[in-house]
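Comments concern the structure below.
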Amino acid sequence: MSEQQRGAVIGPSIQIDGTLKGDEDLLIQGKVEGTIELKKNSVTVGESGEVKADIYAHTIVLEGQVEGKIVGSERVVMKKTAQIRGTLVAPRVMLEDGAKFNGTIDMDPESDAMKSAFSGQGRSTSSPSTPTSSGSTGSNDKAVEGGASLPGRS
Amino acid sequence: MSEPRKSGLGAPLFEQAIRDLDPDKRIVVLELGALRSGTVALFTAYRCRLDVADLPTNLPKLQALEEAEERRLVLQDTLCWPDAEPLDLVLCWNLLNYLRREDIRTLVEMLQPRFASHTRLHALMEYASPLMPATPGFWIPDAESRLHASQVDEEQIEAPRYKPKELERLMPQLAPERTVLLGNGLQEYLFRPRG
């Protein structure tokens with residue numbers, strides 16, 4: 001994705017029920033129920049975001065409330081304001097202390113959940129294709145503190 | 001008024017439990033407490049499934065309910081996973097002291113279906129001191145499996161100081177493999193399933 005492209009934004013007053021698909025990064029500050037599929041892009045659930053949906057994306061950054069299945073082919077970052085309930089699948093997971101999580105985190109690249117969601121894409125060793133808020137890819141890294149810069153946004 | 005615990009606690013049984021995990025095999029870990037950054041970082045090096053119960057969030061609710069059956073339902077909801085794989089390691093840090101005796105029985109009863117012969121339950125409990133923080137603090141492991149205290153409540157309450165024999169009675173499904181009294185007065189346990 002070109003750095004000049006801007007990601008899409010679902011604003012705080014927007015509520016969406018259904019399936020979201022696309023080829024650009026997405027920031028959710030509103031409410032979404034259903035399924036979000038942006039397998040080559042990043043999805044950020046902002047602090048005011050409320051998502052009851054399954055999310056499939058390259059990189060997922062969580063700052064708001066999410067209930068559902070969260071599958072990131074590259075990584076998932078839970079910021080300190082995040083409140084998550086559900087199943088999270090990603091080869092790399094980072095969590096800021098303060099984030100609330102209840103459920104299952106599967107970090108096994110050989111897991112059925114990972115294989116079925118991304119059909120054969122295992123643990124990636126490449127750098128993420130889009131910039132993210134943590135700016136780090138090390139497997140033992142702690143997520144950075146501070147506010148997020150939005151993926152794909154200048 | 002309590003002093004903050006020293007950081008970087010060496011917990012030899014936890015270190016042993018981590019050493020015993022096979023980095024090439026899928027492992028399943030159950031964190032009964034709240035998820036912390038260090039726990040995620042430690043297990044991300046493994047092919048790990050990490051189940052997080054976050055019991056501390058439900059402790060106020062559990063403590064307020066008088067009826068055992070109501071508390072059982074809360075525990076059931078907390079410990080319910082749709083796809084419950086056998087466990088390699090259960091982390092139970094600073095939690096048993098905050099549960100009533102019958103809730104400890106219920107908790108282990110609910111975990112038992114996920115026990116395998118190789119399952120280990122690692123527990124940390126207040127033991128030496130008659131007082132303990134009013135709410136459970138958190139332990140954050142580092143890459144060397146040393147534990148760092150976080151959010152230690154300065155308000156204190158009486159500690160139940162369960163003795164090893166009493167814990168065995170409350171958790172008949174488990175046998176203590178090793179116990180160590182740590183320098184800061186905490187008792188460290190490594191339990192394995194009986195039989």
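Protein chains get the first letters and strands the later ones, always in sequence-line order, with residue 1 at the start of each. Note that the structure is a prediction, hence the values are computed from the model and not measured.
- The two atoms that bring D108(A) and R47(B) nearest to each other are OD1-NE, 2.8 Å, heavy atoms only.
- With chain A as partner, the option from I27(B), V52(B), T39(B) having the largest number of non-hydrogen pairs under 4.5 angstrom is V52(B).
- Put simply, the side chain of D54(B) never gets that close to the backbone of N102(A): no donor and acceptor are under 3.5 Å apart.
- Criterion: ILVMFWY side-chain heavy atoms under 4.5 Å apart, direct or through other members. Under it, M110(B) and L73(B) are not part of a common hydrophobic cluster.
- Cluster membership check: L186(B) does not share its hydrophobic cluster with Y127(B), using side-chain heavy-atom separations under 4.5 Å among Ile, Leu, Val, Met, Phe, Trp and Tyr.
- Note on L62(B) and I157(B): same hydrophobic cluster, where clusters join Ile, Leu, Val, Met, Phe, Trp and Tyr whose side-chain heavy atoms are under 4.5 Å apart, directly or indirectly.
- Contact check for M107(A) versus F43(B): side-chain heavy atoms found under the 4.5 Å cut-off.
- Pairing each heavy atom of R36(B) with each of L95(A), the nearest pair is C-CD2, 3.4 Å.
- Each of F138(B) and L55(B) belongs to its own hydrophobic cluster when Ile, Leu, Val, Met, Phe, Trp and Tyr are linked at side-chain heavy-atom distances under 4.5 angstrom.
- Residues I105(A) and L35(B) meet the side-chain proximity criterion, which asks for heavy atoms closer than 4.5 Å.
- For a residue to count as touching a neighbouring chain, one of its non-hydrogen atoms must lie under 4.5 Å from one of that chain's; by this rule A34(B) does not touch chain A.
- At least one side-chain heavy atom of D106(A) sits under 4.5 Å from a side-chain heavy atom of R26(B).
- Counting only heavy atoms from C-beta outward, the side chains of T57(B) and K100(A) approach each other to under 4.5 Å.
- Note on L181(B): it does not cluster hydrophobically with L190(B), by side-chain heavy-atom contacts below 4.5 Å among ILVMFWY residues.
- Summarising the geometry of D51(B) relative to T104(A), their closest heavy-atom pair is OD1-OG1, 2.7 Å, with the distance given to 0.1 Å.
- Enclosure of atom CG in D142(B) by more than 12 non-hydrogen atoms of other residues, nucleotides or ligands within 6.0 angstrom is indicated.
- Remark: side-chain polar atoms of D97(A) are paired, donor with acceptor, to backbone N or O of S37(B) under 3.5 angstrom.
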